[in-house]
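First the structure, in the form of structure tokens, and then the observations on it.
Residues take their numbers from the sequence shown, with the count starting at 1. Indexing begins at 1, ligand by ligand and atom by atom, following the structure's order.
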Amino acid sequence: MNIDLEELYRDLHANPELSFQEVRTADIVSGHLEDLGLLVHRAIGKTGVVGVLDNGPGPVVMLRADMDALPVKEATGLDYASAAVGVDHDGREVPVMHACGHDVHVTCLIGAVETLARNKHDWQGTLIAVFQPAEEWGGGAQAMVADGLYDAVPKPDIVLGQHVAPFPAGWFGVRPGVAMASADSLNVTLHGRGGHGSRPETTVDPVLMAAAATMRLQGVVSRELAASDAAVVTVGQIHAGTKNNIIPETATLGLSIRSFSESTRDKVLGSIERIVRSEAAASDAPKEPDFHYEERFPLTVNNEPAANRITAAFRAAFGDNKVIDPGPVSGSEDVGELATAAGAPLVYWFLGGIDESYARQWADQGRLPEDVPSNHSPYFAPVIQPTLTFGTEALVTAAREFLAAPK
Ligand code: ZN
Ligand code: ZN
């Protein structure tokens with residue numbers, strides 16, 4: 001009996017799990033892979049699962065889905081909405097939601113494996129299905145590689161995957177070359193000298209330092225990069241102080257930095273450190289600032305010839321006008337780690353996941369109303385169909401493009 005993908009999706013959506021805690025999801029995935037006759041390796045990179053379907057000599061094709069959810073309180077009002085809570089890696093109790101659509105990715109990959117496993121006479125080669133933990137946290141792909149992924153399974157000739165995005169279902173975005181930005185999450189601690197709020201002359205005020213640095217950092221992209229270059233510097237957190245009449249000892253900044261080339265990345269990170277150090281010096285800080293990098297994502301670079309093959313295959317399968325080049329996207333991904341570690345080309349594309357009724361507006365104006373919720377929104381709600389059908393068919397089409405024809 002065929003797997004009911006819509007039911008699987010609703011179940012995953014209602015039961016999301018945080019990064020590196022995808023235990024229930026991994027159990028469900030493993031069960032389906034075993035039923036479909038794959039050789040299954042579990043607990044690679046803590047909760048990662050890999051299934052191998054050896055179907056004779058031929059290319060090795062890896063399909064990848066990420067499994068983790070986010071600390072977001074779901075507000076969609078759907079009858080399969082999540083009410084889950086979890087404990088994050090700092091020990092805090094948080095709501096949990098599949099706000100990035102990784103439940104779509106898991107469901108579509110199970111669907112694609114089922115199609116390929118039930119039609120083994122149609123192709124030849126080896127299919128590897130990777131269900132990766134902790135994409136949101138940034139360490140999942142690396143954890144699987146470090147935990148011996150490529151000792152357990154053959155290195156692929158190509159790595160393929162997809163991300164659901166807020167554009168109409170039935171459309172695909174394929175970008176040859178640099179497809180997604182690198183991301184660096186940086187925490188900065190500025191050191192001052194605390195004291196009474198009425199006597200600033202006896203202190204070094206880290207709040208002023210933090211404010212001045214935050215303003216000045218917005219000059220990096222606007223004043224130090226060429227107009228043809230691009231990057232994002234966001235200060236998403238500022239923390240300092242406990243009471244209005246106390247000048248605190250320290251202030252912290254939390255930054256998110258996105259770049260589209262390694263040279264720009266180096267330049268932007270260097271400028272940020274220079275500006276923060278200079279602001280500390282300008283205040284006569286008693287101590288140099290501390291820089292602590294957290295999540296880091298590589299550039300996502302699609303192999304150009306392979307991406308062009310996928311574009312042509314999708315156009316043939318889904319319609320000439322349904323495949324667009326979205327340009328480089330400022331979001332980030334760690335799927336590239338799986339390809340880099342294997343020395344294999346990567347193609348990672350975007351899958352439309354909102355109602356098709358928006359298609360006319362999308363086609364005419366190239367954009368959607370601003371109230372269409374994006375990934376990571378508490379209102380993010382991909383339409384189940386035709387998203388799951390297209391997502392499944394896209395993976396099958398892409399895999400078949402690189403697997404061999406039967407002899
Ligand atoms: Zn995400
Ligand atoms: Zn995501």
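- Aromatic pair His376/Phe380: ring centres not closer than 6.0 Å.
- Distances from the Zn ion (ligand 2) to the N/O/S atoms of His102 are shortest for NE2.
- Among the backbone and side-chain atoms of Cys100, an N/O/S atom is found under 2.8 Å from the Zn ion (ligand 1).
- Distances from the Zn ion (ligand 1) to each N, O or S atom of Glu136 single out OE2 as the nearest.
- Side-chain contact between Trp137 and Asp334: absent, with no pair of heavy atoms (C-beta onward) separated by less than 4.5 Å.
- Contact check for Asn2 versus Arg118: side-chain heavy atoms found under the 4.5 Å cut-off.
- Residues Phe350 and Phe167 place their aromatic rings such that the two centres sit no closer than 6.0 Å.
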